[in-house]
Amino acid sequence: MNHPPYLDKLNEVQRQAAMQINGPVMIIAGAGSGKTRVLTYRIAHIIKQGNDAFNILALTFTNKAAREMKDRIETVVGPEARNIWMGTFHSVFAKILRIEAEKIGYPRDFTIYDTDDAKSLIKTILKEMNLDEKLYKPGLVYNRISNCKNSLITHKEYIKIPELLEADASTGRPLISKIFATYSSRCYKAGAMDFDDLLLNTHKLFKEHIDVLYKYQHKFKFIMVDEYQDTNLCQYMIVKSLASMYENICVVGDDSQSIYSFRGANIQNILNFEKDYPDLKVFKLEHNYRSTANIVNASTSIIANNKERLDKNIYTDNPDGEKIRIFRSPSDNEEGKAIAQSIFEEKHKNQLSNSDFAILYRTNAQSRAFEESLRKHNIKYKVYGGISFYQRKEIKDLLAYLRLVVNPNDEEALKRIINYPARKIGGTTIDKLVVLASENDVTMMEIVKNAHMFSILGSAVAHLRDFNIMISSFQSMLTAKNAYEIAEYVAKQSTLLKTLYEDKTVEGVSKYENIVELLNSIKEFTEDDTSESEKSLAAFLQEIALYTDADKDDDGEEKVTLMTIHSSKGLEFKHVYVVGMEENLFPSQLSLSSRPELEEERRLFYVAITRAEEQLTLSYATSRFKYGNLIPCEPSRFLEEIDPRYLDMSAAMVKREPLFKPKENQNYGTGYGMNVGKTVAKPQASIKVSENFSPSDSNLIREEQVVEHQRFGIGKVLKLEGEGDNRKALIEFEGLGQKTLVLKFAKLMIHP
DNA sequence: TACTAAGCTCTTTTT
DNA sequence: GAGCTTAGTA
């Protein structure tokens with residue numbers, strides 16, 4: 001078939017998929033089959049055919065993926081590419097909602113509540129309703145509400161569905177529907193939307209305002225959805241209605257990589273696509289260009305254990321490459337050491353850069369051991385996920401001020417900063433404000449503004465007035481000043497900057513630096529002229545509300561990547577280490593009990609393996625710390641599912657037994673001064689084993705002494721050094737090897 | 001009202 | 001181990 005020269009870089013199937021720009025298209029793209037490349041050239045082709053970039057909508061999974069694709073299209077078609085509407089579902093719909101918000105009764109500058117804000121609002125509601133937080137766990141309630149919204153069930157529909165109400169009643173939580181209703185109305189009054197509302201309200205907007213839907217149906221003549229297997233019902237319905245005018249819709253996905261069902265993703269969306277569009281054209285990309293044959297074959301041997309699959313046959317022309325290695329370590333810390341050591345060796349042996357390596361794990365909490373040992377080897381690394389920059393307390397504090405300035409009804413922001421830095425508005429006063437606000441059916445800020453009218457507030461009135469004057473002075477800057485000017489002024493006038501500047505502790509200094517960094521990024525935002533979006537404070541707040549760690553620009557330095565398997569989707573690395581391959585961790589305990597068929601966990605394993613281009617290492621530990629206790633671990637069942645032909649059997653063997661059995665859990669009690677930043681050894685009544693250990697009697701520890709550590713278990717002191725507070729002991733722990741502990745901080749006891 | 005020490009509970013994954 | 005809540009004190 002003839003094709004334009006700019007499509008030379010595609011293979012035959014890829015090219016056909018790229019050139020089929022009219023009508024419904026589904027591309028089933030196996031891992032490493034060049035899916036992004038096809039999407040990129042398909043969009044380029046649409047533009048080269050004389051279509052306007054304004055008429056293209058491309059929904060991707062991350063902002064980063066969108067940005068990369070945009071850049072690549074730009075090199076083919078030029079600056080025109082900037083006009084494509086491209087981004088995540090959440091960011092694109094937030095953009096539409098900002099234009100149309102008033103039609104559904106929201107302010108233009110609505111706030112976006114993140115998960116923390118949402119949970120905190122739920123907590124407040126529980127408190128007001130006098131409900132037990134242990135029964136109605138805020139996280140659980142939030143998940144339930146979120147799941148409903150993703151399935152297009154609003155609080156009004158919720159009470160009409162007997163199954164849901166019965167389920168709540170049977171778990172002893174009959175008031176969920178009530179909480180849901182209150183939560184929704186509070187968000188609405190606060191002019192705030194949570195992540196799910198961004199989708200739900202877009203759906204509502206299109207359903208209730210046919211003229212608006214019509215406008216966007218016309219605008220988006222070509223629609224493309226990446227990672228289609230991860231869309232939920234709400235996203236599916238929005239896309240379907242937008243596409244119903246031209247039906248030029250192309251979805252790209254891989255059922256084997258569907259790993260977001262907990263977020264409402266429905267694998268049926270991809271399996272059902274054919275029913276929605278009978279004249280659908282299907283293209284299958286089965287040629288893997290990314291990985292060695294060993295890796296491709298091993299991944300196929302694993303995913304074959306799943307029953308729910310679309311028929312496809314992944315193959316590669318790449319050489320066999322190395323076999324898959326398996327590491328076994330006695331503990332999670334040793335696992336960290338082994339991996340860091342391995343990276344160090346491979347890097348020097350094969351002249352690789354740090355960025356050629358990735359360490360992938362199931363849960364964010366696992367990053368710790370690897371960070372420590374990478375630091376020891378002086379290997380630069382970057383952790384994605386976990387606590388990100390924008391989740392830090394000081395950052396959220398300043399952002400809360402800015403949110404309140406833009407949207408005075410934002411209650412979560414108000415509660416956060418009304419007394420921070422301290423201005424004598426304590427818990428009692430805040431409780432009164434909450435009650436007054438709900439009694440008078442207005443927002444808390446309204447009460448603050450009119451504090452003098454409520455005698456119950458007593459002496460707090462004066463402080464509330466000062467607070468109100470300060471916020472009003474910030475608000476008066478909104479029209480005249482840009483985002484940076486306002487933010488800098490707010491940081492200074494709120495005394496936030498001063499408070500942190502005066503704090504000379506290590507944490508204080510780093511907090512101050514973080515605030516300065518945030519201010520710099522706002523400055524960058526206001527000065528950035530490559531994008532045409534507006535530069536208001538509201539625009540900045542909206543942009544970062546949907547910003548995640550994975551979107552962060554690299555600072556150019558070569559670093560080892562540490563991330564969860566979930567966030568690794570779409571990425572590739574020469575050498576990949578999948579760590580924590582243990583039963584109950586991966587597959588996770590929760591999915592073992594709730595979904596024993598483990599299909600999604602297996603797809604997750606598949607995703608992890610197929611990130612690797614040249615070398616893959618799977619690693620597990622035979623013991624691991626949990627809540628400060630050492631527990632034995634068994635290797636993951638997934639290790640046994642790999643066809644052994646692709647495994648390097650010379651490495652540590654897979655055996656279903658731990659190297660040693662730690663003692664039964666003991667109650668060591670607490671009381672070790674667990675508060676942040678301090679570790680003080682203190683005698684504690686609940687410790688029953690022989691004599692207690694405290695800083696003053698570190699001279700009780702002698703060489704040859706048998707001691708017991710709260711975390712590391714039984715050990716023998718080999719050597720002592722240092723004086724007073726610096727006194728250290730080299731101790732050989734059973735099964736864990738040698739460790740040097742500073743006696744002042746060590747949680748040690750002398751063993752009988 | 002603010003601060004500190006002790007006590008309690010928790011762990012999937014993300015926009 | 002860590003964040004958060006509670007109780008007790010200043």
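Letters A, B, ... mirror the listed sequences (proteins, then strands); counts begin at 1.
- Mapped onto DNA chain B by nearest heavy atom, Ser91(A) and Asn419(A) fall at different nucleotides, with Asn419(A) at the one closer to the 5' end.
- The distance from atom NZ of Lys137(A) to atom C1' of dT9(B) is 9 Å, rounded to the nearest whole Å.
- Nearer the 5' end of DNA chain B, as judged by each residue's closest nucleotide, is the contact made by Arg423(A), out of Arg423(A) and Ile259(A).
- Atom CZ in Phe625(A) sits roughly 21 Å away from atom P in dT11(B) (whole-Å rounding).
- Considering only side-chain N and O atoms, Asn364(A) lies under 4.0 angstrom from the phosphate OP1 or OP2 of dT13(B).
- In this structure, the CG atom of Asn150(A) is 14 Å from the P atom of dT15(B), given to the nearest Å.
- Here the closest heavy-atom approach between residue Val578(A) and residue Ala608(A) is recorded as CG2-CB, 3.9 Å.
- Residue ring and base: Phe262(A) counts as stacked with dT13(B) (centre distance below 5.5 Å, interplanar angle below 30°).
- For dT1(B), the OP1/OP2 oxygens have a side-chain nitrogen or oxygen of Thr429(A) closer than 4.0 Å.
- Closest of all the heavy-atom pairs between Thr499(A) and Pro421(A) is OG1-CG, 3.5 Å.
- Outside the 6.0 Å centre-distance limit, the rings of Phe93(A) and His203(A) are not counted as a close aromatic pair.
- Between the CZ atom of Arg263(A) and the C1' atom of dT15(B) there is a distance of 5 Å, rounded to whole Å.
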